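A short worksheet on the structure shown next.
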Amino acid sequence: MPLKKYGVLKGSAVARRLGSGPSPHYQVRLVDKSADYRIAINVSSKLPPSDLEFLVDEHFMHPILEGLSELPLGFTPLPSRPGGLALDFIRGNLFDREGMTKLPPNVPGPDNDLNEKLDHYLQRAMSDEEALVYAFGEPWGPEKAKDKYFGFTPGQGIHDIHMNQGNDRSFADQDGTWQDGGVLIHFASTNQWVGIFLKFQSQTWHTDDRTGRALPAVPTPPAPQPPAPGPRMPMPTPGPTHPDGVVRIVAALVNDTHTPEQETVTLLNTSPESVTLDGWALADRQKHKQPLTGEIAPGATRLVQVEKPLELSNQGGLITLLDDHGLKIHGVAYARAQVRNPGWTLVF
């Protein structure tokens, strides 16, 4: 079953403590106009390997940002479904997974562990009176006891600020789609958004669209073997496999000048082999799909004409490339601010 409650906590950062001990969490005290909260960010995993994967996007852009800015301070419950403000590392096209880095919680020396990476951005938020922190995850409290780190009453806050799907079987009861954790920081003076995303190495990147449970790996074709003596027997054909990012979405014409609009999506085959697109599909933010056919030659591009029901909104959106198993191969997001001049193609 998914998290019992999911949402986003919005407030100002006023204090922090580095994560230490057997189950270290980087702790941040957030305040709104009337209450105090603590957000607990994992910097180590209980399951091996213990080092977390993390990614920081210092210029985060996504269609959810306008909606987040309009939220009141404090905790807001979020429906776990596409098209809203909920996070999903796989389906929400928040970042390129290849940019994630493994880091230990504490290492001697400056700026080389996860505590210090988090501290760099949260210290900056604490020193900026206009900066606002948005922490996504599961809330706890209010409790009768004081907060054990910062001493305010009642104790309350938010945790599970990490990917919350594709878990190891021992944590599979927390799996769900559109309920991932994360931290976004808005520096209003420069209108800069910073996105911080964390994942356990024990979590998988392909999950069931309904349950968020890890999907079994698609079989990989075995290496060729020399023929054995005797009569040759037919071998079963293994299922195909497509590495993530083998075909990438590199551009899209979202705001066309024709009537009706003639929107396009440009795909690039990054591999040295032709890729067959039969059974593949493009999907938009509302999960509408457009089937694909044909091949892309090695290193070649393919210009796909967008057809209904697929919709590329001028208000911001997502474009996801799915293979013939329904698995995500690549995905991008764009915000309304990027859709500036009619007729110009966005480059990702």
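Here the structure is a predicted model, which means the values were calculated and not measured.
The CE atom of M100 sits 8.5 Å away from atom CE of M163, with the distance rounded to the nearest 0.5 Å. A distance of 11.5 Å separates CG of N269 from CZ of R302, quoted to the nearest 0.5 Å. Atom CG of residue N164 and atom CG of residue D175 lie 8.5 Å apart, to the nearest 0.5 angstrom. Rounded to the nearest 0.5 Å, atoms NE2 (H330) and CG (D244) are 9.5 Å apart. Of the inter-residue distances, the one linking T264 atom OG1 with D256 atom CG reads 7.5 Å to the nearest 0.5 angstrom. Taking CH2 from W140 and CD from Q156, the interatomic distance works out to 9.0 Å, rounded to the nearest 0.5 Å.
Looking at heavy atoms from C-beta onward, D323 lies out of side-chain contact with V247 at the 4.5 angstrom threshold. V250 places none of its side-chain heavy atoms less than 4.5 Å from the side chain of V332. Contact check for Y6 versus L87: side-chain heavy atoms found under the 4.5 Å cut-off. Two residues are said to be in side-chain contact when any heavy atoms from C-beta on lie closer than 4.5 Å; V8 and L184 fail this criterion. Looking only at side-chain heavy atoms (C-beta outward), D111 and K117 come within less than 4.5 Å of each other. Using a 4.5 Å heavy-atom threshold, the side chains of L68 and H186 count as separate. The shortest side-chain heavy-atom distance between P63 and Q315 does not fall under the 4.5 Å cut-off. Taking 4.5 Å as the limit, every side-chain heavy atom of T301 sits out of range of all side-chain heavy atoms of I296.
Each of L310, L322, D284 was scored for a side chain to side chain contact (heavy atoms under 4.5 Å, CB included) with K289, with one residue passing: L322. Of the residues L267, I329, D96, the one that meets the side chain to side chain contact (heavy atoms under 4.5 Å, CB included) test with R248 is D96. When each of F197, W193, F95, Y134 is tested with F60 by the rule ring-ring contact (aromatic ring centres under 6.0 Å, His included), just one qualifies, namely F197.
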- Decide side chain to side chain contact (heavy atoms under 4.5 Å, CB included) for N314 and V254; before the verdict, give the C-alpha distance in whole Å, the side-chain angles of both, and the deciding distance to 0.1 Å. CA-CA 6 Å; N314 293 348; V254 174; 3.6 Å; yes

- Walk me through it: do N42 and H25 pass the test side chain to side chain contact (heavy atoms under 4.5 Å, CB included)? CA-CA 4 Å; N42 291 73; H25 289 70; 3.2 Å; yes

- side chain to side chain contact (heavy atoms under 4.5 Å, CB included) between L103 and D113, worked out: CA-CA 6 Å; L103 267 187; D113 60 50; 5.5 Å; no

- Query: Can V265 and L312 be said to form a side chain to side chain contact (heavy atoms under 4.5 Å, CB included), step by step?
  - Reply: CA-CA 10 Å; V265 175; L312 305 185; 3.9 Å; yes

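Hydrophobic clustering of Ile, Leu, Val, Met, Phe, Trp and Tyr side chains at less than 4.5 Å, counting indirect connections, unites V43 with V194. One hydrophobic cluster holds both L78 and F89 under the rule that ILVMFWY side chains link at heavy-atom gaps under 4.5 Å. Under a hydrophobic-cluster definition in which Ile, Leu, Val, Met, Phe, Trp and Tyr are linked whenever side-chain heavy atoms come within less than 4.5 Å, directly or via other members, V31 and M126 are assigned to different clusters. If you chain together hydrophobic residues whose side chains sit under 4.5 Å apart, L3 and I39 never meet in one group. Hydrophobic clustering (side-chain heavy atoms under 4.5 Å, transitive across Ile, Leu, Val, Met, Phe, Trp, Tyr) groups L118 together with L30.
Note on R91 versus D209: salt bridge recorded, some NZ/NE/NH1/NH2 to OD/OE distance being below 4.0 Å. Between R213 and D208 there is no salt bridge, since no side-chain N of the basic residue sits under 4.0 Å from a carboxylate O of the acidic one.
Cation-pi check for R38 over Y149 is not met; the charged atom does not lie both under 6.0 angstrom from the ring centroid and within 45 degrees of its normal.
Not one N or O on the side chain of H206 forms a donor-acceptor pair closer than 3.5 Å with the backbone of T204. Counting only distance, with no hydrogens or angles, the side chain of S80 and the backbone of W178 share a donor-acceptor pair below 3.5 Å. Listed for the Q192 side chain is no donor-acceptor partner under 3.5 Å among the backbone atoms of F187. A donor-acceptor pair is defined here as one N or O able to donate and one able to accept, closer than 3.5 Å; no such pair exists between the side chain of Q286 and the backbone of G83. For the pair K10 (side chain) and S69 (backbone), a donor-acceptor distance under 3.5 Å is present. Between the Q123 side chain and the D119 main chain, no donor and acceptor come within less than 3.5 Å of each other. Although no hydrogens or angles enter the test, the distance criterion places no donor-acceptor pair under 3.5 Å between the side chain of K33 and the main chain of L73. A donor-acceptor pair under 3.5 Å is absent between the side-chain atoms of D147 and the main chain of T153, judged by distance alone. Looking only at distances, a side-chain donor or acceptor of H62 sits under 3.5 Å from a matching main-chain atom of G92. Listed for the S12 side chain is no donor-acceptor partner under 3.5 Å among the backbone atoms of L132.
In plain terms, the two heavy atoms of A15 and F150 that are nearest each other are CB-CE2, 3.9 Å. Here the closest heavy-atom approach between residue S202 and residue L47 is recorded as OG-CD1, 4.0 Å. Taking each heavy atom of A13 and V133 in turn, the nearest pair found is CB-CG2, 4.1 Å. Scanning all heavy atoms of the two residues, the minimum distance from L292 to L321 falls at CD1-CD1, 3.8 Å. Across all their heavy atoms, D324 and H242 have their closest contact at OD1-CE1, 3.0 Å. Nearest heavy-atom pair across N93 and A333 is O-CB, 3.4 Å.
Side-chain contact annotation: D32 with Y37, donor-acceptor N/O pair under 3.5 Å present. D88 and Q165 form a side-chain donor-acceptor contact under 3.5 Å, judged by distance and modelled atom types alone. Of the N and O atoms on the side chains of S170 and D168, at least one donor lies less than 3.5 Å from an acceptor on the other residue. No side-chain N or O of S20 forms a donor-acceptor pair with one of N106 less than 3.5 Å apart.
Atom NZ of K287 sits in a crowded spot, with more than 12 heavy atoms from other residues, nucleotides or ligands closer than 6.0 Å. Around the CD atom of E273, the shell of radius 6.0 Å holds no more than 12 heavy atoms that belong to other residues, nucleotides or ligands.
In this structure, H162 has its ring center under 6.0 Å from that of F200.
Within the structure, every pair that satisfies the salt bridge (charged side-chain N to carboxylate O under 4.0 Å, His left out) test and touches residues 55-69, not counting sequence neighbours, is listed here: E66-R336.
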